[in-house]
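Lettering of chains follows the sequences in order, A, B, ..., and the numbering in each one begins at 1.
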There are 2 protein chains.
Amino acid sequence: MIVTIKDVAERAGVSPKTVSRVLNNETHVRPQLRETVLRVIEELNYKPNMFARGLSSARSYLIGLFIYDPYWSGYATDIQLGALRRCRELGYHLVIEPIDPHIEGAAEQVVDSVAGLRLDGVILPPPLCTFEPLLARIEEMGMAYVRISPGQDMDRSALVEIDEYAAAHEMTRHLIELGHRDIGFVEGIPTHAAAARRYAGFKTAMAEAGLTVNPDWVLPGMFTFQTGFAAADELLSRKGPLPTALFCANDDMALGAVSAARKHGLEAPADLSIVGFDDAPAARFSWPPITTMRQPVSDMVASAVDMLVDPKYRRDAGKDGGKPAPRLQLPFALVQRQSAATP
Amino acid sequence: MIVTIKDVAERAGVSPKTVSRVLNNETHVRPQLRETVLRVIEELNYKPNMFARGLSSARSYLIGLFIYDPYWSGYATDIQLGALRRCRELGYHLVIEPIDPHIEGAAEQVVDSVAGLRLDGVILPPPLCTFEPLLARIEEMGMAYVRISPGQDMDRSALVEIDEYAAAHEMTRHLIELGHRDIGFVEGIPTHAAAARRYAGFKTAMAEAGLTVNPDWVLPGMFTFQTGFAAADELLSRKGPLPTALFCANDDMALGAVSAARKHGLEAPADLSIVGFDDAPAARFSWPPITTMRQPVSDMVASAVDMLVDPKYRRDAGKDGGKPAPRLQLPFALVQRQSAATP
DNA sequence: TTGAAAGCGCTAACAC
DNA sequence: GTGTTAGCGCTTTCAA
């Protein structure tokens, strides 16, 4: 009923070890023999048992993706898709584990619970990539991991990112070139280091253009629709002068801001230009479509998978303090849509 | 370095088998011995190796969730959360596998690729729960599976659902009681059987109230923001008479419809009542918040996990043609928010 | 370039 | 109630 490596070996007239060699693309197999084995594998529809494999070798063909995203923004969506896609391409499987940093001991518990899975590595997107208890436990267990856009501790582990600072700088330039001088900013989660770098890029671009940042127009946000809504709602409720443009640190908040503006009888971009960051799916389909900064999130996570699969990151690699942790920077791109225009 | 069952056994002064018994909550272990073993496990921070376990037993402690949701609606979000949560509670892990039904052979390929994982079962949410090639392959492989809201083939396998028909009926009644007589409907994906049952519930409720369904006001949709937007956009562009309420077969489309209405200078609910279905997270936070029908999606999937973990659904259970496939129906609830009012 | 033997860490089956 | 024995299906030695 269930086909094992022995069945394949018998039918192909070779030893199990030879089949194993073919399976793992090892060298030292006569091309002709390899062909035969491959054919038999096909014929018998043989699928190697991952458990037997994992038990006797150092690899599990399993990658972990740790997430915390209670509001399931478009960002988290892309993260998953990228990981899923590349895992599929490489013959790996993805194990997703949510972790709530606010729950005492949650991180440790999750890491322990996957310890038995012998994951080949784990991927840490924001905000978990800067969650210290989690990092500590992962390192303690000797697991390989790659962080996505941590924005700090750059030499601590492999990471993939975009230049958040430069991207925010470019977005701000875009607003300024459109003719805006009074620009507000809705910040992201304070503990998310990338959020700080976006704000830094904004501030620098303003200063370089000889513009001052009005502190009253810098609002707190948590990267969610509601906090974007709340920030804009609060801003637009005031008596004083208002900015002509609002730079939200991500798309979900920009969407919320558009909604809040509407509540105040204001339309984007006619009455207020609103831009986001990330290029989440919803930014494309909302009304108006949101001008944003595209981050190749899927590609970033796919690269993270690549790093984990690469032999030198595997858990049996051993630390060679020599090499610095690899740091991959992917390109970003301004996506002009209809939520921003001349004031 | 790595703690095995033998280490625990030695330290506790028992045999490995006894440790195994404790691990698996088997009977026939003296309470006192059990205590000792548990303490040693704790002390040594022992984590059973899933591979060894899976290799020698029939269980993998792995559940598969197959999804197809290119637009990552709120529905898919809840599906995942429910599965993740219950798996965590039961000590299982979730392996997520996307399948695109439009790609020739994709289903077969995915099922083959997880064959080596010996999943304890797979969960099939819409629209995959009615995708024949997938079902066929899963059955061929002898895998246990539970479908979510398939709406057809009710005796084919275990399933979890709500009474879509009754729910849509109730929502329509709500609109009618609000005073609406001219009600439009935006349909869901045609191949999604549950979508048809929602429409049926709508039609019956209308008929029962002596109201006619204007076929011009029944628009096609695909359960996405864009198709909801497009449907409403098209409807509102017409010269003729317009409905006073629009029942969208899910929340994402309702959100799109709200957006389209706005494009035409119409506000919900003042100018047009718009309701959805599902109670997706976004329905709560949009402006206006969407009146919708709550489906306990998370609980439904959690129940599906329970079914799969239950011994009698495990892959070593064997088919006993006697028992009918279990069918679990969970309660729904009307959630009145601000997108619907009297005409 | 190939194969034989010895486990990997756990649990099933069977003793005691 | 508890322990012993024998694998699960693969990969790793190491020998040929």
Practice task
Using heavy atoms and a sub-4.0 Å distance, could you list which residues of residues 17-33 of chain B are near DNA chain D? By number, please.
Solution key: B:Lys17, B:Thr18, B:Arg21, B:His28, B:Val29, B:Arg30, B:Leu33

Ionic contact status for [Y] with [X], cut-off 4.0 Å:
{"X": "A:Glu89", "Y": "A:Arg86", "answer": "yes"}
{"X": "A:Asp299", "Y": "A:Arg85", "answer": "yes"}
{"X": "A:Lys6", "Y": "A:Glu10", "answer": "no"}

Handout entry: Any side-chain heavy-atom pair of B:Met300 and B:Asp78 under 4.5 Å
Key = no

Exercise for the section: For the residue pair B:Thr130 and B:His192, establish whether any side-chain heavy-atom pair is separated by less than 4.5 Å. Expected result: no

Handout entry: A:Arg118 NZ/CZ over B:Phe51 ring centroid, <6.0 Å and within 45° of normal
Key = no

Practice task
Assign the ring pair A:Tyr68 / A:His102 to parallel, tilted or perpendicular, where the plane angle (0 to 90°) is split at 30° and 60°.
Solution key: perpendicular

Atom pairs, N/O to N/O, protein against nucleotides 7-9 of chain C, distance under 3.5 Å?
| residue | atom | partner | partner atom | Å |
| --- | --- | --- | --- | --- |
| C:dG9 | N2 | B:Ala52 | O | 3.3 |

Practice task
Find the distance A:Arg34:CZ to C:dT1:P and express it as a whole number of Å.
Solution key: 10 Å

Exercise for the section: Could you tell me which non-hydrogen atom of A:Pro125 sits nearest to which non-hydrogen atom of A:Ile67, and how far apart they are? Expected result: CG-CG2, 4.4 Å

